[in-house]
Amino acid sequence: MNREEALAIVKPHLKQERYDHTVRVMETAIQLAQTYGVDEEKAEIAAIFHDYAKYRPITEMKRWIESTYLPKDLLHYHHELWHGPVGALLVEREIGLHDKEVLEAIHYHTTGRAHMTPLDKVIFLADYIEPGRKFPGLEEVRKSSWEDLDYGCWMASKNTVSFLMSKSQPIYPETFHAYNALTNKIKA
Ligand code: DGI
Ligand code: FE
Ligand code: FE
């Protein structure tokens with residue numbers, strides 16, 4: 001599947017603004033992959049499909065979580081977290097994409113996880129720093145992202161955890177696991 005085919009498949013599943021975000025994540029992910037020696041084709045395809053399930057009805061995502069191998073604890077957290085794991089499942093089932101590394105990068109793109117693969121990190125960070133984003137502290141993350149992949153991910157993860165805590169939001173365990181693992185890695 002080439003870039004044009006993949007984009008044409010994903011487009012009807014997204015609103016225009018989300019499609020535009022997807023294209024920017026793709027461009028950013030390819031640049032990060034080039035910078036850090038990560039497989040560019042995998043980065044491209046994972047980025048194109050990372051938000052595949054973003055607009056699935058909450059009830060449908062809930063059913064997929066209940067009826068498959070997906071972690072049940074997701075049901076106790078915000079439904080915004082569901083589109084990554086459900087997206088990975090549906091990209092495999094509906095698109096027939098079976099690359100485990102690509103599916104895992106899609107699965108964990110919102111929360112991260114402990115010991116993220118280089119591809120996980122490229123997608124996680126590209127989603128956070130793509131040029132259309134506006135978060136407090138983002139310029140600093142953008143700058144670090146081109147100097148040190150772990151440090152960029154650590155800053156993105158730290159900002160997300162701080163933001164969620166400032167809003168008194170529950171934090172999913174994988175989100176903490178990502179932050180803890182990255183903190184230990186950059187201190188080592
Ligand atoms: O799908 P996107 O909008 O491109 O971005 P995303 O997949 O990173 O989703 C972002 C949202 O997910 C953002 O509002 C922060 C939120 N989020 C990330 N980790 C957690 C979380 N929300 C909760 N409640 N808990 C988390 O651990
Ligand atoms: Fe997302
Ligand atoms: Fe996204």
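Along the sequence shown, the residues carry numbers beginning at 1. All ligand and atom numbering here is 1-based and tracks the order in the structure.
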| field | Vertex the Fe ion (ligand 3), rays to OD1 in Asp127 and NE2 in His50 - rounded to 10° | value | 90°
| field | Element-labelled atoms of ligand 1 that are located less than 4.0 Å from some non-hydrogen atom of Asp127 | value | 4 (O), 5 (O), 6 (P), 7 (O), 8 (O)
| In the protein, which heavy atom is nearest to atom 17 (N) of ligand 1, and how far is it? | Leu81 CD2, 3.8 Å
| 2.8 Å cut-off met by an N, O or S atom of His109 to the Fe ion (ligand 2) | yes
| query | When you look at His177 and His115, which way does the ring pair (Phe, Tyr, Trp, His ring centres under 6.0 Å) test go after all the steps? | reply | CA-CA 8 Å; His177 293 155; His115 315 303; 9.4 Å; no
| Close approach of Glu174 to ligand 1, heavy atoms, under 4.0 angstrom | no
| Lys/Arg N to Asp/Glu carboxylate O, Glu44 vs Arg3, below 4.0 Å | yes
| task | Mind checking whether Val25 contacts ligand 1 via backbone (N, CA, C, O), side chain (CB onward), both or neither, at a 4.0 Å heavy-atom cut-off? | result | neither
| note | Going by the 4.0 angstrom heavy-atom rule, the piece of Arg18 near ligand 1 is side chain
| In terms of side-chain geometry, is the basic nitrogen of Lys54 or Glu17 positioned less than 4.0 Å from the acidic oxygen of its partner? | no
| Distance only, no hydrogens: is a donor on one side chain within 3.5 Å (strictly under) of an acceptor on the other, for Thr183 and Asn180? | no
| message | Please state which option from Leu164, Val161, Thr160, Ile123 has its nearest heavy atom closest to atom 22 (N) of ligand 1. | response | Leu164
| task | Say whether Tyr108 and Trp64 are linked into one hydrophobic cluster, either directly or through other cluster members, by side-chain heavy-atom distances under 4.5 angstrom. | result | no
| task | Considering heavy atoms of the protein only, find what lies nearest to atom 11 (C) of ligand 1 and give residue, atom and distance to 0.1 Å. | result | Glu80 CG, 3.7 Å
| message | Check for me whether Arg133 has a heavy atom closer than 4.0 Å to any atom of ligand 1. | response | yes
| Does a side-chain N-to-carboxylate-O contact under 4.0 Å join Glu139 and Arg142? | yes
| Which of the atoms of ligand 1 are close to Thr175, meaning less than 4.0 Å from one of its heavy atoms? | 19 (N), 20 (C), 26 (C), 27 (O)
| Side chains of Trp146 and Thr35: do they bring a donor and an acceptor to under 3.5 Å? | no
| request: May I ask you to list the atoms of ligand 1 that are less than 4.0 angstrom from any heavy atom of His21? | output: 4 (O)
| Identity and separation of the nearest protein heavy atom to atom 7 (O) of ligand 1 | Thr110 OG1, 2.6 Å
| query | Which atoms from ligand 1 have a heavy atom of Tyr172 less than 4.0 Å away? | reply | 25 (N), 26 (C), 27 (O)
| task | Would you tell me whether Glu92 and His98 have side-chain atoms, one donor and one acceptor, within less than 3.5 Å of each other? | result | yes
| task | Please work out which of the three classes, parallel, tilted or perpendicular, describes the rings of His13 and Tyr52, given edges at 30° and 60°. | result | tilted
| task | For the residue pair Trp82 and His79, categorise the inter-ring angle as parallel (less than 30°), tilted (30 to 60°) or perpendicular (more than 60°). | result | perpendicular
| note | Per-atom filter on ligand 1: closer than 4.0 angstrom to a heavy atom of His109 are 7 (O)
| query | So, Glu147 and Lys143, do they make that salt bridge, N to O below 4.0 Å? | reply | yes
| Which is the closest N/O/S atom of Asp51 when seen from the Fe ion (ligand 2)? | OD1
| message | If I take atom CD from residue Glu5 and atom CD1 from residue Ile95, how far apart are they, to the nearest 0.5 angstrom? | response | 12.0 Å
| query | What atoms of ligand 1 come closer than 4.0 angstrom to any heavy atom of Pro170? | reply | 23 (C), 24 (N), 25 (N)
| query | Counting each atom of ligand 1 from 1 as listed, which ones have a heavy atom of His83 under 4.0 Å away? | reply | 1 (O), 7 (O)
| said: Tell me whether atom 14 (O) of ligand 1 lies less than 4.0 Å from at least one protein heavy-atom position. | reply: no
| said: Quick check on contacts: which atoms of ligand 1 are under 4.0 angstrom from a heavy atom of Lys54? | reply: 1 (O), 2 (P), 3 (O)
